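The structure appears right after this line, and notes come after that.
Everything numeric here is computed off the predicted structure, so don't read it as measured data.
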Amino acid sequence: MGTWNIGNQWGQMDDSEAFATVRCAFEHGMNLFDTAESYGIPNGMSEQRLGAAVAGIRHRVYIVTKIGHWGKRTGQGVPKTTVDMIRLCAHASLHRLQSDYADVILCHEGNLEDPAIYLEAFGLLQKQGKVRAYGISTNNLDVLKRFNAHNTCSVVEVDYSLLNRAPEAEYLPYCRQHGIAVLIRGPLAMGLLSGKYSADTKFTDEIRSTWHETDDGQAAYARRVTAVDNLKAKLKAGDDMVIAALRYTFSHPVNPVTIPGAKSPTQAIVNARAGNRTLTDEEKRAMVGLLEQAP
């Protein structure tokens with residue numbers, strides 16, 4: 001489960017609803033939770049709520065968090081220019097998570113030129129038992145290769161979905177070749193692959209409202225909605241489409257872990273239902289074929 005959604009940036013929710021969503025996901029078989037230091041209004045709210053929700057079951061779940069954007073959204077980003085600053089942010093994350101360690105910690109700077117400071121800091125945190133594995137969240141293969149220059153990158157997080165299959169060309173094969181575990185974010189294309197939205201939909205949450213700010217952005221949104229509409233020839237909008245879209249992402253040969261977000265226990269249950277099987281190659285080809293139909 002991705003927990004960006006429980007931090008108020010995707011719409012307001014209270015602590016009890018966040019707690020119920022995380023616990024419901026866990027009770028239905030989801031045992032990995034992804035967050036980041038910057039997720040939430042205020043910053044860190046996602047980590048705080050996740051930490052409270054897994055209290056008592058921490059030893060039964062895996063937590064992934066990310067460092068790289070603390071304070072940027074609110075006007076004063078913490079500089080990530082020394083090993084100590086990375087360590088400072090990591091310890092702050094652990095405090096909010098109410099945990100002595102993170103199972104995975106990722107660099108959250110997807111266009112990072114020089115990873116040296118992160119690599120040194122993450123290596124030190126790992127030796128100290130504060131981090132079990134580390135890596136980077138990036139869609140850029142060159143950035144990933146720089147981060148993995150010494151073959152120490154264990155985990156990568158990348159945007160991948162039926163609407164964004166670009167990683168299939170080179171990115172995912174590289175991960176498979178180098179034994180890098182893959183986390184999939186955006187598997188539902190920020191909700192579009194639920195099939196519930198039209199070209200006339202106007203989003204008001206902090207994240208998706210930006211799609212409507214320019215003519216180009218609105219046009220791109222409309223194109224993606226049209227592609228999703230083609231899926232409705234085979235899949236019903238709602239639960240059926242969500243489950244199929246999630247299955248598509250973790251049916252890749254690299255065996256990714258997919259982390260769909262959820263804002264309610266109901267959504268968490270639907271997401272969990274996807275996990276009982278993978279898609280066959282024939283099923284995957286059929287879905288791609290529907291997406292690529294002419295309007």
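- Within the 4.5 Å cutoff, the side chain of Ile136 has no heavy atoms near those of the Leu106 side chain.
- Side-chain contact between Pro260 and Met30 is present, with at least one heavy-atom pair separated by less than 4.5 Å.
- The existence of a salt bridge linking Arg165 and Glu292 is confirmed by a sub-4.0 Å separation between a basic side-chain nitrogen and an acidic carboxylate oxygen.
- Under the 4.5 Å side-chain criterion, counting only non-hydrogen atoms from C-beta, Arg208 is in contact with Trp10.
- Within the structure, the salt bridge (Lys or Arg N to Asp or Glu O under 4.0 Å) test picks out the following pairs touching residues 97-114 (sequence neighbours left out): Arg58-Asp103, Asp103-Arg132, Glu113-Arg146.
- For Tyr197 and Phe203, the gap between ring centers is short of 6.0 Å.
- The closest side-chain heavy-atom distance from Val155 to Val64 is not below 4.5 Å.
- If you take NE2 on His95 and CG on Leu97, they are separated by 10.5 Å, rounding to the nearest 0.5 Å.
- Cluster annotation: Phe33 is connected to Ile57 through the hydrophobic network of ILVMFWY side chains, with a link wherever side-chain heavy atoms come within less than 4.5 Å.
- At least one cation-pi condition fails for Arg185 and Trp4: the charged atom is not both under 6.0 angstrom from the six-membered ring centre and inside a 45 degree cone around its axis.
- Identified under the ring-ring contact (aromatic ring centres under 6.0 Å, His included) test for residues 228-281, with sequence neighbours left out: none.
- Between Glu283 and Arg247 there is no salt bridge, since none of the side-chain N atoms of the basic residue sits less than 4.0 Å from a carboxylate O of the acidic one.
- Remark: Glu17 CD to Arg49 CZ distance equals 10.0 Å, nearest 0.5 Å.
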